[in-house]
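Inspection log for the structure reproduced underneath, given as structure tokens.
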Amino acid sequence: MIHIKNKLDGNELFKISRFKEVIKKTSPHKHGDYYELIFLNGGEGFHWIEAENYQISAPEIYFLKPGQLHCWQFTAIPKGFVVLFKEEFFDPIKEMHLIELIRRMDTTTHVVLPGYYQPSFLFEEIFREYQQPTEYSINMIHGYLRAIFSKVLQLSNVGAKPNSHYGSLHEQFLEFLSKKCPELHTVSEFASMLHTSPQNLNASCRKYTAKSASEHIAAQLLTEAKRHILHTDKTITEIAHLLHFNDASYFVKFFKKQAGVTPLKFRESHFQ
């Protein structure tokens, strides 16, 4: 069973800590409803995020979205910072532009930093303001985060999304998708939850992402499937049941259509 961690206590919306400087291997796990910004300026090993295996090449930044699965396998002592935050940490009116930066990073997971950009001092400043807060600390922390997010987007070549706006139907759909998939599988089910028609939902998704709602659902189901295939020892039949497929054969057909290989072949290719 995949473990879900929650490193923010109670009503806590933000936390920064130094990365634990120990050589370790962690079990695959998800985090709660918060984002995780990780800056590494030292260490060697591997970082699994969903079905991707990244070789650690500090200095680098990882950006994990709520519900993403990951685990570490270090072979040298890591150094850096871990920043945890919820979207509610930012004022939705006064800091809409900062929230939009975070939204634009939905396709950014890993960025290797060039030699000329060393953000260590920014994370040190955030850590200092967090440890010794003053009346201006929140403003400073938000400012530093805005600078970091902007630079990461620049380095990852993620362009602006001129047609995107916070709170749109497709944004609400993506939020529901992360919470309700794999329980729900169809566009009509999500449209009903959002009090709209399947046609409107598909039109909104295509307007902002060039993908239909059904394509988003299929991608999310595939991600959920890969999590269980790679990070649990459950059988394909058990995984099909967990993902709310009517039978294993339909799940296998779905997976092969989306991934190009059967679930068993996918598992074998990663554990040869």
Audit row: D106, K65, salt bridge (Lys or Arg N to Asp or Glu O under 4.0 Å) steps and yes/no
CA-CA 7 Å; D106 59 359; K65 276 65 76 175; over 6 Å; no
Indicate whether the side chain of E36 and that of H31 have a donor and an acceptor atom separated by less than 3.5 Å.
yes
Atom NZ of residue position K211 - does it have more than 12 heavy atoms of other residues, nucleotides or ligands inside 6.0 Å?
no
Backbone of S27 reached by a side-chain donor or acceptor of H29 within 3.5 Å
yes
Quick one, L113 with Q118, criterion side-chain contact (heavy atoms from CB on, under 4.5 Å). Give me CA distance, side-chain angles, the key distance, then yes/no.
CA-CA 8 Å; L113 301 177; Q118 296 295 330; 5.9 Å; no
From CA spacing to verdict: side-chain contact (heavy atoms from CB on, under 4.5 Å), L37, F149
CA-CA 10 Å; L37 177 68; F149 292 143; 4.1 Å; yes
Given side chains that start at C-beta, do those of E52 and T109 come closer than 4.5 Å, heavy atoms only?
no
Any cation-pi pair here, K25 with F74, using under 6.0 Å and within 45°?
no
Might you point out which heavy atoms bring K226 and A51 nearest each other, and give the distance in Å?
CD-CB, 3.7 Å
Walk me through it: do F127 and F81 pass the test ring pair (Phe, Tyr, Trp, His ring centres under 6.0 Å)?
CA-CA 9 Å; F127 186 67; F81 289 91; 5.7 Å; yes
Taking C-beta and beyond as the side chain, do I126 and I148 meet within less than 4.5 Å on heavy atoms?
yes
Give me the ring orientation class for Y62 and H110: parallel if the planes are under 30° apart, tilted from 30 to 60°, perpendicular past 60°.
parallel
R104 CZ to L153 CG distance, which is reported to the nearest 0.5 Å
7.5 Å
Establish, yes or no, whether a centroid distance under 6.0 Å links the rings of Y35 and F63.
yes
Joint cluster assignment, L230 & V252, ILVMFWY side-chain distance < 4.5 Å
yes
Report whether V111 and L145 are members of the same hydrophobic cluster (ILVMFWY, side-chain heavy atoms less than 4.5 Å apart, transitive linking).
yes
Take atom OH in Y117; do more than 12 heavy atoms of anything else shown fall under 6.0 Å from it?
yes
Across all chains, not counting sequence neighbours, the side-chain hydrogen bond (donor to acceptor under 3.5 Å, both in side chains) partners of S150 are none
Where at least one partner belongs to residues 71-85, residue pairs that pass side-chain hydrogen bond (donor to acceptor under 3.5 Å, both in side chains), sequence neighbours excluded:
none
Show the atom names and distances, to 0.1 Å, of all donor-acceptor pairs under 3.5 Å that link a side chain in residues 38-47 to residues at least two apart or in another chain.
from	atom 1	to	atom 2	distance (Å)
N41	ND2	S120	OG	3.4
H47	NE2	H70	ND1	2.8

May I ask you to check whether S214 and S212 show a side-chain donor-acceptor distance below 3.5 Å?
yes
How long is the span from the CD1 atom in I16 to the CZ atom in F123, to the nearest 0.5 Å?
7.0 Å
For Q131, does the CD atom have more than 12 heavy-atom neighbours from other residues, nucleotides or ligands under 6.0 Å away?
yes
One pair to check against salt bridge (Lys or Arg N to Asp or Glu O under 4.0 Å): R18 and E124. What are the steps and the verdict?
CA-CA 9 Å; R18 294 190 185 277; E124 290 283 359; 3.0 Å; yes
Would you say K15 has more than 12 foreign heavy atoms packed within less than 6.0 Å of its NZ?
yes
Look at the aromatic rings of H185 and F245 and report parallel, tilted or perpendicular, splitting at 30° and 60°.
perpendicular
N/O donor-acceptor pair under 3.5 Å between S204 side chain and N200 backbone:
no
Does one hydrophobic cluster hold both L8 and I141, with members joined at side-chain heavy-atom distances below 4.5 Å?
no
Please determine which of R128, Q132, E129 meets the side-chain hydrogen bond (donor to acceptor under 3.5 Å, both in side chains) test together with S137.
E129
Would you sort out whether Y144 and V83 count as a side-chain contact (heavy atoms from CB on, under 4.5 Å), showing the intermediate values?
CA-CA 12 Å; Y144 292 138; V83 177; over 6 Å; no
Is it the case that E189 and T186 place a side-chain donor and acceptor less than 3.5 Å from each other?
yes
Decide yes or no on salt bridge (Lys or Arg N to Asp or Glu O under 4.0 Å) for E50 and R227, but give the supporting numbers first.
CA-CA 6 Å; E50 303 296 357; R227 287 173 176 171; 2.7 Å; yes
I want to know whether F85 and F90 have ring centres closer than 6.0 Å.
yes
Start with the C-alpha gap between H170 and C205, add the side-chain angles, then the distance that decides, and say whether side-chain contact (heavy atoms from CB on, under 4.5 Å) holds.
CA-CA 5 Å; H170 103 280; C205 287; 4.3 Å; yes
